[in-house]
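Each remark here refers to the structure printed beneath this line.
Just so it is clear, the model here is predicted, and its values are computed rather than measured. FYI, the numbering just counts along the sequence from 1.
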Amino acid sequence: MSSGTGGRRRSIFGKYHGGAGEESVARVKVVGVEEVHCRYEFPPGDTSDGRQPVPGSTASVPVSRAERWAEGQPGLEFCGYLVTAEPVVG
């Protein structure tokens, strides 16, 4: 999921696993990193094995770097990093 924020792009995905031929290179300057945490539950009446993120349960924690899987916050699980970057021109 990405959204534009005044020339910046934000993504909650640490990696993009595209198909063959979808690779591209972009120069960016990282201007912020946040840990993203949320609560997961089985949806009511769900018969599958998959838990889903609970709407409204997301919390973010600003950090100086993203080196590995982070510890969960109380009542929440770590689900990835949100990296804010600006394009580098030239």
Side-chain angles (χ1 to χ4, degrees):
M1 179 168 99
S2 296
S3 64
T5 55
R8 299 178 180 176
R9 292 200 48 89
R10 303 184 106 187
S11 175
I12 62 170
F13 300 109
K15 295 182 180 179
Y16 172 72
H17 300 280
E22 293 184 21
E23 298 83 12
S24 65
V25 177
R27 293 185 61 199
V28 298
K29 175 184 175 186
V30 174
V31 294
V33 180
E34 299 172 62
E35 295 175 358
V36 178
H37 304 263
C38 73
R39 191 172 75 244
Y40 290 91
E41 292 180 354
F42 292 100
D46 183 42
T47 58
S48 73
D49 293 330
R51 298 181 309 149
Q52 300 290 320
V54 175
S57 70
T58 304
S60 63
V61 179
V63 294
S64 60
R65 30 185 338 142
E67 294 187 16
R68 61 183 176 274
W69 204 255
E71 295 294 319
Q73 296 292 311
L76 304 173
E77 294 180 43
F78 174 71
C79 57
Y81 289 99
L82 174 68
V83 177
T84 304
E86 297 176 334
V88 174
V89 180

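The ring pair (Phe, Tyr, Trp, His ring centres under 6.0 Å) test applied to F78 returns H37, W69, Y81, not counting sequence neighbours. Residues passing the side-chain contact (heavy atoms from CB on, under 4.5 Å) test with V89, sequence neighbours excluded: none. Under the side-chain hydrogen bond (donor to acceptor under 3.5 Å, both in side chains) criterion, R68 pairs with no residue at all, not counting sequence neighbours. By the salt bridge (charged side-chain N to carboxylate O under 4.0 Å, His left out) test, R65 is found to be paired with E67, residues two or more places apart in sequence or in another chain being considered. Among residues two or more places apart in sequence or in another chain, the side-chain hydrogen bond (donor to acceptor under 3.5 Å, both in side chains) test is passed with E77 by R51.
Residues P43 and G50 approach most closely at CD-O, 3.9 Å, considering heavy atoms.
Contacts classified as ring-ring contact (aromatic ring centres under 6.0 Å, His included) and involving residues 44-68 (residues at least two apart or in different chains) are not found.
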Donor-acceptor pairs under 3.5 Å, side chain of residues 54-64 to any protein atom, not counting sequence neighbours: which ones?
unit_1, atom_1, unit_2, atom_2, d
S57, OG, R39, N, 3.0
S57, OG, V54, O, 2.7
S60, OG, E34, OE1, 2.8

